[in-house]
Amino acid sequence: MLSHPERQRPCRRRGRAPGRALALLGLALLGSAAPAAASEPEELFERGLADLQAGRYGPACDALHKSYRFERRPRTLFYLAECEERAGRVATAALHYDEYLDLVERLSPPEQKDEADRQKLALARRDRLDIDIPRVTFRLPGTAPAGTKVTRSSKASPDPVPVTVGVPLPIDPGEHWVRTEPPGAPARDKRFFVNKRERLSIDLTVAEAGDEARTPRRSVPVTPVPPVLPISTDDGLSGRRLVMYIAGGVGLVGVIAGAVAGGVTLTQKKTIADNCRDGFCNEKGESAIGRAAVASPISTVSFAVGLTGLTVATALLLTEPEPARVGGAPRRRPVAEAAPRLWVGFSGHEAVAGGAWVW
């Protein structure tokens with residue numbers, strides 16, 4: 001009789017052990033999870049404050065906002081307002097400063113004493129921000145049906161915010177979208193920009209039932225990529241060779257024009273010597289002086305341009321890579337197919353030189 005209860009004890013112990021172990025494990029997990037949850041707002045606050053001091057306003061404002069949602073502490077709200085102010089979102093910053101000042105007024109006297117310095121800063125900054133806040137007035141047309149909803153959003157705040165029509169509203173500077181949604185008709189979006197201290201009025205449009213939605217879609221601006229001129233793989237000229245021909249043509253025209261203008265200058269000097277005595281010149285001498293005054297600088301500039309063009313063309317020719325071979329080497333256009341056309345003349349006292357490269 002005594003052996004029966006003794007045999008049952010091990011069974012009862014084995015049955016209780018798992019329950020006790022699970023209970024202890026649950027308490028341990030709760031104990032370890034509680035400090036982690038309690039420290040999360042502080043970790044977010046410290047991270048946001050570090051980003052704010054480093055000038056990383058985007059992640060700083062996000063971290064401070066999340067920290068304030070976990071734990072509504074006045075100092076977190078103050079630094080969130082400061083972050084929005086530094087990021088240029090002056091209307092949002094002013095709203096957070098107002099919320100902070102209202103929150104401080106509801107604190108106990110010892111807590112208000114701790115916030116005294118930040119409270120003074122918040123008051124000063126709030127007054128200063130009021131000048132910079134832009135204000136926008138939205139107007140609906142008289143034909144807008146009853147129940148038309150108007151909302152606005154921005155890149156920084158993509159969630160739509162209800163808009164009160166006909167009242168100047170404080171809005172952050174930058175790009176915004178305003179949407180009209182009449183009952184039973186498609187919505188319409190309108191993009192607008194507003195700057196600091198600007199006072200703007202926007203006339204909205206409302207679609208009618210049956211109209212197609214003419215809503216401009218937001219698009220990410222694409223920076224155009226400059227085209228690369230590859231080596232030609234057809235019978236045409238490559239971009240590099242085209243530049244070489246142009247530089248060579250300009251250089252040749254410049255050298256010839258410089259030589260012609262230089263010859264004109266030398267010729268006019270002889271005419272001046274024959275028709276000018278003791279500082280007095282006849283009509284032919286005066287005309288020669290005028291021509292020499294025009295031809296001399298033309299000769300100098302043309303030679304400089306010509307030598308530069310020939311130098312560039314020579315450098316491109318010497319450094320030209322092998323043509324790309326796609327199904328065989330491309331046929332290069334013979335140089336003989338291109339030729340310059342030059343002209344030099346005079347119009348009154350002016351010397352005129354010009355040229356063109358004909359393909």
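Residue numbers run from 1 in the order of the sequence given.
Ion pairing between a basic and an acidic side chain is recognised when a charged N comes within 4.0 Å of a carboxylate O; Glu99 and Arg126 show no such pairing. Ion pairing between Glu43 and Arg47 fails under the 4.0 Å rule for side-chain N and carboxylate O. One finds no salt bridge joining Glu40 and Lys66 here, because no Lys/Arg side-chain nitrogen approaches an Asp/Glu carboxylate oxygen to under 4.0 Å. The pair Glu82-Arg118 fails the salt-bridge criterion, with no side-chain N (NZ, NE, NH1 or NH2) lying under 4.0 Å from an Asp/Glu carboxylate O. Ion pair Asp203/Lys190 not flagged as a salt bridge, since none of the NZ, NE, NH1 or NH2 atoms sits closer than 4.0 Å to an Asp/Glu carboxylate oxygen.
By the 6.0 Å contact criterion, CG on Asp117 is open, its count of non-hydrogen atoms from other residues, nucleotides or ligands being 12 or less. Within 6.0 Å of CZ in Phe70 there are 12 or fewer heavy atoms belonging to other residues, nucleotides or ligands.
Shown here for Leu140 and Val165, the closest heavy-atom pair between the two residues is N-CG1, 3.7 Å. In terms of heavy atoms, Arg135 sits closest to Pro168 at CB-CB, 4.3 Å.
Judged by distance alone, with hydrogens and angles left aside, the side-chain atoms of Ser201 form no donor-acceptor pair with the main-chain N or O of Thr137 at under 3.5 Å. A donor-acceptor pair is defined here as one N or O able to donate and one able to accept, closer than 3.5 Å; no such pair exists between the side chain of Ser157 and the backbone of Ser154. Within the 3.5 Å criterion, the main-chain N or O of Ala63 finds no donor-acceptor partner in the side chain of Ser67. A donor-acceptor pair under 3.5 Å is absent between the side-chain atoms of Arg197 and the main chain of Asn195, judged by distance alone. Without hydrogens or angle criteria, Glu181 side chain to Ala187 main chain gives no donor-acceptor distance under 3.5 Å. In this structure a side-chain-to-backbone donor-acceptor pair under 3.5 Å is missing from Glu208 to Ala185. Side-chain N or O atoms of Asp172 include one that pairs as donor or acceptor with a backbone N or O of Thr92 at under 3.5 Å.
Taking CG from Leu101 and CG from Leu77, the interatomic distance works out to 9.0 Å, rounded to the nearest 0.5 Å. Interatomic distance, Arg125 CZ to His96 NE2, rounded to the nearest 0.5 Å: 14.0 Å. The distance from the OH atom of Tyr57 to the CD atom of Glu84 is 12.0 Å, given to the nearest 0.5 Å. In this structure, Leu121 CG and Tyr97 OH are separated by 8.0 Å, a value rounded to the nearest 0.5 Å. Atom-to-atom distance recorded for Leu129:CG and Leu95:CG is 11.5 Å, nearest 0.5 angstrom. Atom CG of Asp102 and atom CG of Leu107 lie 11.0 Å apart (nearest 0.5 Å).
Judged by the 6.0 Å and 45° rule, Arg152 forms no cation-pi pair with Phe138.
At least one side-chain heavy atom of Cys61 sits less than 4.5 Å from a side-chain heavy atom of Arg89. Within the 4.5 Å cutoff, side-chain heavy atoms of Val90 are placed close to those of Pro134. Two residues are said to be in side-chain contact when any heavy atoms from C-beta on lie closer than 4.5 Å; Pro183 and Thr148 meet this criterion.
The aromatic rings of Phe192 and His176 sit parallel to each other, their planes meeting at less than 30°, with 60° as the upper class boundary.
Considering Gln112, Glu111, Arg106 in turn, Glu111 is the only one that fulfils the side-chain hydrogen bond (donor to acceptor under 3.5 Å, both in side chains) rule with Ser108. Between Cys83 and the choices Leu49, Asp51, Leu52, the side-chain contact (heavy atoms from CB on, under 4.5 Å) rule is met once, by Leu52.
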